[in-house]
Amino acid sequence: MLANLPALVTDLLRLSLWLLLLALVFLPLERLWAAHKQPLLRQGWLTDLGHYFVNGLLPALVLAPLLSLLALALHGLVPTGLHAWVAELPLGARIAAALVVGEIGFYWGHRLMHTVPWLWPFHAVHHSATDMDWLVNTRAHPFDMVFQRLCGYVPLYISGLAHPLAAGGDAVSIAVLLLGVVWGFFVHANVRWRFGPLEQLVATPAFHHWHHANDGPATLNKNYAALLPWVDRIFGSFYLPAQLPQHYGTDTPVPEHLIGQWLQPLGLTKDSAASGIRE
Ligand SMILES: [Zn+2]
Ligand SMILES: [Zn+2]
């Protein structure tokens with residue numbers, strides 16, 4: 001335990017620096033171009049800060065060993081000819097292919113979180129935010145975070161586009177992860193920017209705000225994609241009106257505080273009403 005202390009301190013420092021950087025970028029943008037007027041310290045901000053640090057530490061502790069195990073298990077599933085062909089592709093083509101292949105895995109993982117009754121309470125934590133801003137990106141149950149990342153990465157390992165066993169990670173994994181994380185903060189931001197036809201190609205705050213909308217049944221279970229909205233078009237869940245949503249959140253009861261949000265989906269609190277599909 002003590003031997004791991006320096007690594008933990010380094011990780012906490014790294015996460016604090018990232019937080020500072022993100023706050024320096026997003027706080028002024030949200031002040032200048034707010035989509036909805038809301039206080040800086042809106043409801044749940046402290047809880048989200050807790051999620052930020054826990055979910056920031058988890059990838060190294062839980063996700064990396066899990067991915068390595070999965071990569072070993074999946075290694076033999078695909079003919080080596082495909083892996084050899086993929087390895088010959090230029091880096092740019094591998095990253096572009098990884099963004100599409102990873103998005104399709106992520107899309108279905110995310111859609112399952114919404115439609116499988118026992119998975120939804122884990123994901124309802126993310127949807128419990130009633131005010132949207134960049135920090136809402138971090139509000140996620142650890143199981144939800146790990147499950148969705150796995151769904152995004154497994155197709156990359158099966159296809160040979162990424163290799164979790166490479167020392168220090170490989171360029172494709174790092175590019176996909178970095179873009180995914182930074183874009184995650186961007187699409188949650190409380191900004192009113194619209195991007196015209198570009199919104200059909202790349203996920204924007206308006207696109208993901210509609211994923212969090214709670215403006216009636218027609219607005220639920222839309223826009224699952226993280227980066228590429230046309231994946232939602234292909235699978236019939238695209239929804240992007242000209243205006244922004246009026247209300248965010250979920251009717252599923254979710255505790256306000258961090259510990260409650262971790263325990264409730266596991267059935268470990270007295271109030272376990274959070275079950276059932278979000279329809
Ligand atoms: Zn969702
Ligand atoms: Zn979200």
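When a residue number appears, it is its place in the shown sequence, counting from 1. Whatever order the structure lists them in is the order used to number ligands and atoms, beginning at 1.
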Worksheet entry | Identity of the N, O or S atom of His211 lying closest to the Zn ion (ligand 1) | NE2
Worksheet item: Hey, which N, O or S atom on His123 ends up closest to the Zn ion (ligand 1)?
Response: NE2
Practice prompt. Give a yes or no on whether His212 keeps an N, O or S atom under 2.8 Å from the Zn ion (ligand 1).
Written response: no
Discussion item. Ring centres under 6.0 Å, that's the criterion: do His188 and His126 meet it?
Written reply: yes
Worksheet item: If you measure only the distance, is there a donor-acceptor pair under 3.5 Å linking the side chains of His211 and Tyr224?
Response: no
Fill in: Ion pair check, Asp144 and Arg139, cut-off under 4.0 Å
no
Discussion item. Rounded to the nearest 10°, what angle sits at the Zn ion (ligand 2) between NE2 of His126 and NE2 of His208?
Written reply: 160°
Discussion item. Within rounding of 10°, what is the angle whose vertex is the Zn ion (ligand 1) and whose arms end at NE2 of His127 and NE2 of His110?
Written reply: 170°
Worksheet, complete the sentence: side chain to side chain donor-acceptor pair (under 3.5 Å) test vs Arg42 passes for just one of Asn190, Asp131, Asp48, namely Asp48
Worksheet, complete the sentence: Which of His127, Lys222, His247 passes side chain to side chain contact (heavy atoms under 4.5 Å, CB included) with His212? It is His127
